[in-house]
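Quick notes on the structure that follows.
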Amino acid sequence: MNKLILVTGGTGYIGSHTVVELMNNGFDVVIIDNLSNSEKSVLDGISEITGRRPYFEQFDICDKEKLDNFFKIYKKLDAIIHFAAYKAVGESIEKPLMYYQNNLTTLTNLLECMVNYKIPNFVFSSSATVYGQPDELPVTEKASFKPADSPYGNTKQIAEDIIRDTVKVNPDLNAISLRYFNPIGAHSSALIGELPRGVPNNLVPFITQTAIGIRDELKVFGDDYNTSDGSAVRDYINVVDLAKAHVVSIKRMIENKIKANLEVFNLGTGKGSSVLEIVNAFDKVTGEKLNYKIVDRRSGDVESVYADTKYANEELGWKARIGLEETLLSAWNWEKYIRNRK
C-alpha cells in the first residue's frame, strides 16, 4: 500500500507542483484546499502530468469541525505538508488581523488533529521572511530572527515557535520547517504554474503579465538599495526544485532519518539576483522587451537576502538544479498557455 500524504493548499502554486512530485515518486495524495487563491482545474493539470488524480476535499481548515470530520475519514495519513496560508507581504500590512487569524488558526487546528489522530510527520511551508534583513549574507539556518518586516513574516516566525513548542511535548511528532526563498517558474509541461488572482504580488507573474499585455508596465520598487544596480536582491529558486525538497523531507521522516523532532532547512540556490537582473534575463530568454518603471521602495521589503544552502545540500541531500533562464522561460510558456486556454 502506498503512503498517503495530506497536502493542504495543494491546488496552489507550490502545493500543486509538490503534489506532482509526490505522485511521481509513488505517493498517494489527498488535497485540502478552499480554492480562495487557486482553481479546481489545477487538478486536471496534475492528472495529465502524473496519469493519476489526487483525492480532493474542498473546505477551509480554519473550520475545526470540518477538519476533524476529515481526519475521522482519512485516519491512515503518513504525513502532512502544510501550504495553506495567505502569503502577500503588502496585503498583510494592510490586513494584519486577516493574516494572523488565517495563518495561525490553520496551523493550530492541524497540529491539534495530528496529535489527536497520531499523525507522525509534518512539513511546514515557512519562508526566508523569518530572517528579516540578516546581518550577514548568505543567511544560514542558525541566523537569528529579526523583527518581522510584515505581519506575513511575523506569522511565519510565530508558526515556527508554535511547531517547536508542540513537538517538544509530543515526542512522537516529527516536523521539518522549510524556509523558502523566492519560488518562480512553472512545470516544464506548462500544464501547472503560478496563477495569481487579481494583481500579482510576486515579481515574475507581474513580469509575464506585463510582457503578454495584461499589465501596462512593471513597477520596480526602488533603485537606491545598496546593491549592484540599486534594485532589491533575492534568491530565486525554480518551483520544481522547491517541490522536490518536500519529497526528500517526507522520505527523510518516513525512513526515520530525522535527527531531531524539529529540523529546519533553507531552500534556495545560494545566489542572489536583483530585480533588474531578472528583468534583463527575461528579456534575453524570451526576446520580449519588458516595459518597466522605477518607483519608490515598497513597505515591508528588505534590501537583500539569499540562502546559504550548504546544510540543505549536505544534510537533507537536496540541491537546486534548474537555472534562472530555463526557469524564466518556463514561466513565460505557462503564461502563454493559460492565455491561449482562455
Side-chain angles (χ1 to χ4, degrees), residues 2-61 80-87 123 125 178 180 182-198 200-209 211-212 214 236-248 250 267 282 285-286 320-322 326-342:
N2 291 345
K3 300 292 186 181
L4 180 60
I5 313 300
L6 166 61
V7 180
T8 71
T11 58
Y13 176 40
I14 304 172
S16 60
H17 288 80
T18 300
V19 170
V20 164
E21 295 304 318
L22 285 166
M23 295 177 73
N24 282 343
N25 277 269
F27 291 98
D28 289 329
V29 176
V30 55
I31 293 170
I32 298 176
D33 204 307
N34 65 1
L35 302 180
S36 65
N37 195 35
S38 61
E39 296 181 1
K40 197 172 182 179
S41 61
V42 171
L43 297 171
D44 298 329
I46 293 171
S47 300
E48 191 167 344
I49 294 168
T50 65
R52 293 192 292 149
R53 196 171 186 87
Y55 304 107
F56 177 73
E57 301 286 345
Q58 182 180 343
F59 66 93
D60 191 331
I61 56 177
I80 295 174
I81 304 177
H82 180 41
F83 292 106
Y86 295 145
K87 61 177 185 176
V123 176
S125 168
L178 299 176
Y180 312 159
N182 287 67
I184 60 172
H187 195 268
S188 59
S189 66
L191 292 169
I192 56 173
E194 189 168 8
L195 191 61
R197 290 189 173 174
N201 290 295
N202 296 330
L203 175 62
V204 171
F206 212 113
I207 286 176
T208 58
Q209 288 190 12
I212 213 162
I214 297 171
Y236 295 95
I237 177 174
N238 186 287
V239 67
V240 175
D241 277 335
L242 188 75
K244 289 179 178 179
H246 295 75
V247 179
V248 174
I250 290 292
L267 299 185
F282 181 84
V285 76
T286 65
R321 301 188 181 279
I322 304 172
E326 182 181 348
T327 300
L328 291 171
L329 184 60
S330 71
W332 179 231
N333 289 337
W334 162 248
E335 184 69 54
K336 290 187 290 183
Y337 169 76
I338 57 178
R339 299 311 153 191
N340 290 333
R341 187 179 64 183
K342 294 179 179 179

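- Side-chain contact between Leu191 and Tyr337 is present, with heavy atoms from C-beta onward closer than 4.5 Å.
- Counting heavy atoms from C-beta outward, Lys244 and Arg321 have side chains that stay 4.5 Å or more apart.
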message: Using ring pair (Phe, Tyr, Trp, His ring centres under 6.0 Å), reason through His246 and Phe83 one step at a time and then give a plain yes or no.
response: CA-CA 11 Å; His246 295 75; Phe83 292 106; 5.1 Å; yes
- prompt: Can you check side chain to side chain contact (heavy atoms under 4.5 Å, CB included) on His187 and Val20, steps first, answer last?
  reply: CA-CA 9 Å; His187 195 268; Val20 164; 4.1 Å; yes
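- Here the side chains of Phe27 and Ile250 are in contact, with some heavy-atom distance below 4.5 Å.
- Put simply, the side chain of Val123 reaches to within 4.5 Å of the side chain of Leu178, judged on heavy atoms.
- Between Ser330 and Asn238, the shortest heavy-atom distance links the atoms OG-ND2, 4.5 Å.
- Checked for salt-bridge contact, Lys40 and Asp33 miss the test: no charged N lies under 4.0 Å from a carboxylate O.
- The shortest non-hydrogen separation linking Leu43 to Pro54 is CD2-CG, 3.9 Å.
- Side-chain polar atoms of Tyr180 and Ser125 form a donor-acceptor pair below 3.5 angstrom.
- Between Gly185 and Ala331, the shortest heavy-atom distance links the atoms CA-CB, 4.0 Å.
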task: Check step by step if side chain to side chain contact (heavy atoms under 4.5 Å, CB included) holds for Phe59 and Ile32.
output: CA-CA 7 Å; Phe59 66 93; Ile32 298 176; 3.6 Å; yes
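- In terms of heavy atoms, Pro183 sits closest to Ile14 at CG-CD1, 3.7 Å.
- Taking 4.5 Å as the limit, some side-chain heavy atom of Gln209 sits within range of a side-chain heavy atom of Arg339.
- When each of Thr208, Val204, Leu329, Leu195 is tested with Trp334 by the rule side chain to side chain contact (heavy atoms under 4.5 Å, CB included), just one qualifies, namely Leu195.
- For Phe206 against Pro200, the heavy-atom pair with the smallest separation is CD1-O, 3.6 Å.
- With contacts defined as side-chain heavy-atom distances shorter than 4.5 Å, the pair Leu203/Tyr236 qualifies.
- Within a 6.0 Å radius of CD in Gln58, other residues, nucleotides and ligands contribute more than 12 heavy atoms.
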field: Trace of the side chain to side chain contact (heavy atoms under 4.5 Å, CB included) decision for Val42 with Ser16
entry: CA-CA 7 Å; Val42 171; Ser16 60; 3.6 Å; yes
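- A donor-acceptor contact under 3.5 angstrom links the side chains of His82 and Thr8, judged on distance only.
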query: Could you walk me through whether His17 and Ile192 pass the side chain to side chain contact (heavy atoms under 4.5 Å, CB included) check?
result: CA-CA 7 Å; His17 288 80; Ile192 56 173; 3.7 Å; yes
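- Contact annotation: the side chain of Ile214 approaches that of Glu335 to within less than 4.5 Å [non-hydrogen atoms, C-beta and beyond].
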